[in-house]
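The structure displayed is predicted, hence computed values, not measured ones. Both backbone and side-chain heavy atoms feed into the values below; hydrogens, waters and symmetry mates do not.
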Amino acid sequence: AADYGSYFGLASLNTNDLPVPKLWNQLVRSSLDPNATAISFTGFSSTSGHGPTPAQAFVEHLGSYEALGVEYLLAPTDAGAVRLDGPVQLKVEYRDPSVTIFRVPATRPLFESGGPGPGPCRVEVGSISRAHVVCSRPAVITRSELFMPGWAATVNGHPVRVGRTRSGLQTVAVPAGTSTVAFSFLPPYMSLALGASVLAAAYCVLPALSLRPRKRYVGRHLAPRHQRRGARG
């Protein structure tokens with residue numbers, strides 16, 4: 001299911017969320033499954049019973065899935081549940097009674113320079129957000145992550161502009177030589193949201209501090225009645 005990618009920290013193309021980026025919804029409708037929306041792009045949901053099934057859309061748009069970095073397809077093992085009848089036969093990487101995992105043949109790597117085939121850079125992936133590149137000339141590095149406001153990037157520690165490809169992936173320009181490319185994400189207006197949270201917390205806490213009970217001192221006139229009588233006797 002779509003949420004398991006997030007749960008296990010695995011990059012997944014499925015989405016079952018609201019809101020979703022407008023760019024992602026456009027990509028789903030135009031390049032992945034015209035009979036689905038990004039709000040419920042789960043692999044088994046369709047907007048119309050008269051359109052293609054998710055499996056048919058996958059076969060028809062296999063090249064788009066490859067271009068977006070999809071490496072594996074998960075499907076129920078039940079032979080009657082999914083039919084992948086297409087010109088490309090997917091290799092089975094794993095199968096058990098519940099799930100079959102297919103390998104997509106020509107997946108775009110997480111980081112690459114140039115187009116398909118050897119580019120001007122040798123890329124060593126450090127993590128999902130960092131790569132080391134050695135380039136024979138200035139080049140553009142493409143990262144298979146959806147472009148959206150909030151993403152930032154550095155090259156050798158210096159901030160650089162994050163661009164986008166036609167398919168909506170992220171790009172950065174790097175010079176010739178050795179570079180470390182790193183990406184980070186902070187939602188737009190997050191600084192304002194944090195500032196507002198601090199002010200709201202102060203608004204809630206300060207009145208409570210001003211209402212703290214004061215220390216009380218018990219004088220002789222507040223002593224219990226039987227003690228006062230004993231003192232007069």
Shared ILVMFWY cluster between [X] and [Y], side chains joined below 4.5 angstrom?
| X | Y | answer |
| --- | --- | --- |
| Leu74 | Val59 | no |
| Val104 | Val92 | yes |
| Leu194 | Val198 | no |
| Phe102 | Phe44 | no |
| Leu23 | Leu169 | yes |

Can a donor-acceptor pair be found, under 3.5 Å and without considering hydrogens, that links the side chain of [X] to the backbone of [Y]?
| X | Y | answer |
| --- | --- | --- |
| Gln170 | Ser144 | no |
| Gln56 | Thr53 | yes |
| Asn14 | Phe41 | yes |
| Asn156 | Thr180 | yes |
| His158 | Thr154 | no |
| Thr15 | Ala38 | yes |
| Asn35 | Ser46 | no |

Heavy-atom side-chain contact between [X] and [Y] under 4.5 Å:
| X | Y | value |
| --- | --- | --- |
| Cys121 | Ile141 | yes |
| Pro105 | Leu90 | yes |
| Trp24 | Leu32 | yes |
| Arg161 | Val172 | no |
| Val181 | Val174 | yes |
| Ser136 | Pro120 | yes |
| Pro54 | Ser45 | no |
| Thr37 | Arg29 | yes |

Open item on the list: Could you measure the distance from the CG atom of Leu73 to the CD1 atom of Ile101? Nearest 0.5 Å is fine.
Closed with: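 These two atoms lie 9.5 Å from each other.
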Open item on the list: Would you compute the distance between atom CZ of Arg95 and atom OG1 of Thr100 and round it to the nearest 0.5 angstrom?
Closed with: 4.0 Å
- [ ] Please say whether the positively charged group of Arg143, taken as NZ for Lys or CZ for Arg, lies over the ring of Phe183, i.e. under 6.0 angstrom from the six-membered ring centre and within 45 degrees of the axis.
- [x] yes
Shortest non-hydrogen contact from [X] toward [Y]:
| X | Y | result |
| --- | --- | --- |
| Pro34 | His61 | CD-CE1, 3.7 Å |
| Ser129 | Phe111 | C-CZ, 4.1 Å |
| Pro52 | Ala57 | CB-N, 4.4 Å |
| Ser167 | Leu68 | O-CD2, 3.9 Å |
| Ala152 | Val162 | C-CG2, 3.9 Å |
| Leu110 | Ser127 | CD2-O, 3.8 Å |

Looking at [X], I want to see if its [atom1] is surrounded by more than 12 non-hydrogen atoms of other residues, nucleotides or ligands under 6.0 Å.
| X | atom1 | value |
| --- | --- | --- |
| Ile128 | CD1 | no |
| Arg164 | CZ | yes |
| Tyr189 | OH | no |

Task: Listed once per pair and sorted, the ring-ring contact (aromatic ring centres under 6.0 Å, His included) pairs that draw on residues 137-157, sequence neighbours left out - done: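 Counting only pairs at least two positions apart or across chains, the ring-ring contact (aromatic ring centres under 6.0 Å, His included) contacts touching residues 137-157 are Trp151-Phe185.
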Open item on the list: Ignoring hydrogens and geometry beyond distance, is a side-chain donor-acceptor pair present between Thr165 and Thr171 at under 3.5 Å?
Closed with: no
Open item on the list: Ring-plane angle category for Tyr7 and Tyr4, please: parallel below 30°, perpendicular beyond 60°, tilted otherwise.
Closed with: perpendicular
Open item on the list: Applying ring-ring contact (aromatic ring centres under 6.0 Å, His included), can you list everything that pairs with Tyr65, at least two apart in sequence or on another chain?
Closed with: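 Tyr65 satisfies ring-ring contact (aromatic ring centres under 6.0 Å, His included) with Phe58 only.
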TODO: I would like to know whether Tyr72 and Thr107 meet side chain to side chain contact (heavy atoms under 4.5 Å, CB included); could you show each step before the answer?
DONE: CA-CA 9 Å; Tyr72 298 102; Thr107 303; over 6 Å; no
Open item on the list: Salt bridge check, Glu66 against Arg108: does any charged N sit closer than 4.0 Å to a carboxylate O?
Closed with: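 So Arg108 does not pair with Glu66 through a salt bridge.
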- [ ] Taking only Lys NZ, Arg NE, NH1 and NH2, and the carboxylate oxygens of Asp or Glu, determine whether Glu124 and Arg122 approach each other closer than 4.0 Å.
- [x] no
- [ ] Using the side chain to side chain contact (heavy atoms under 4.5 Å, CB included) rule, take Ile39 and Asp17 through it: C-alpha gap first, then chi angles, then the decisive distance, then the call.
- [x] CA-CA 5 Å; Ile39 296 173; Asp17 203 1; over 6 Å; no
Open item on the list: With side chain to side chain contact (heavy atoms under 4.5 Å, CB included) as the criterion, how do Leu27 and Leu146 come out once you've worked through the C-alpha distance, each side chain's angles and the decisive distance to 0.1 Å?
Closed with: CA-CA 10 Å; Leu27 286 174; Leu146 184 72; 3.7 Å; yes
Task: side-chain contact (heavy atoms from CB on, under 4.5 Å) involving Ala173 - partner list, sequence neighbours excluded - done: none
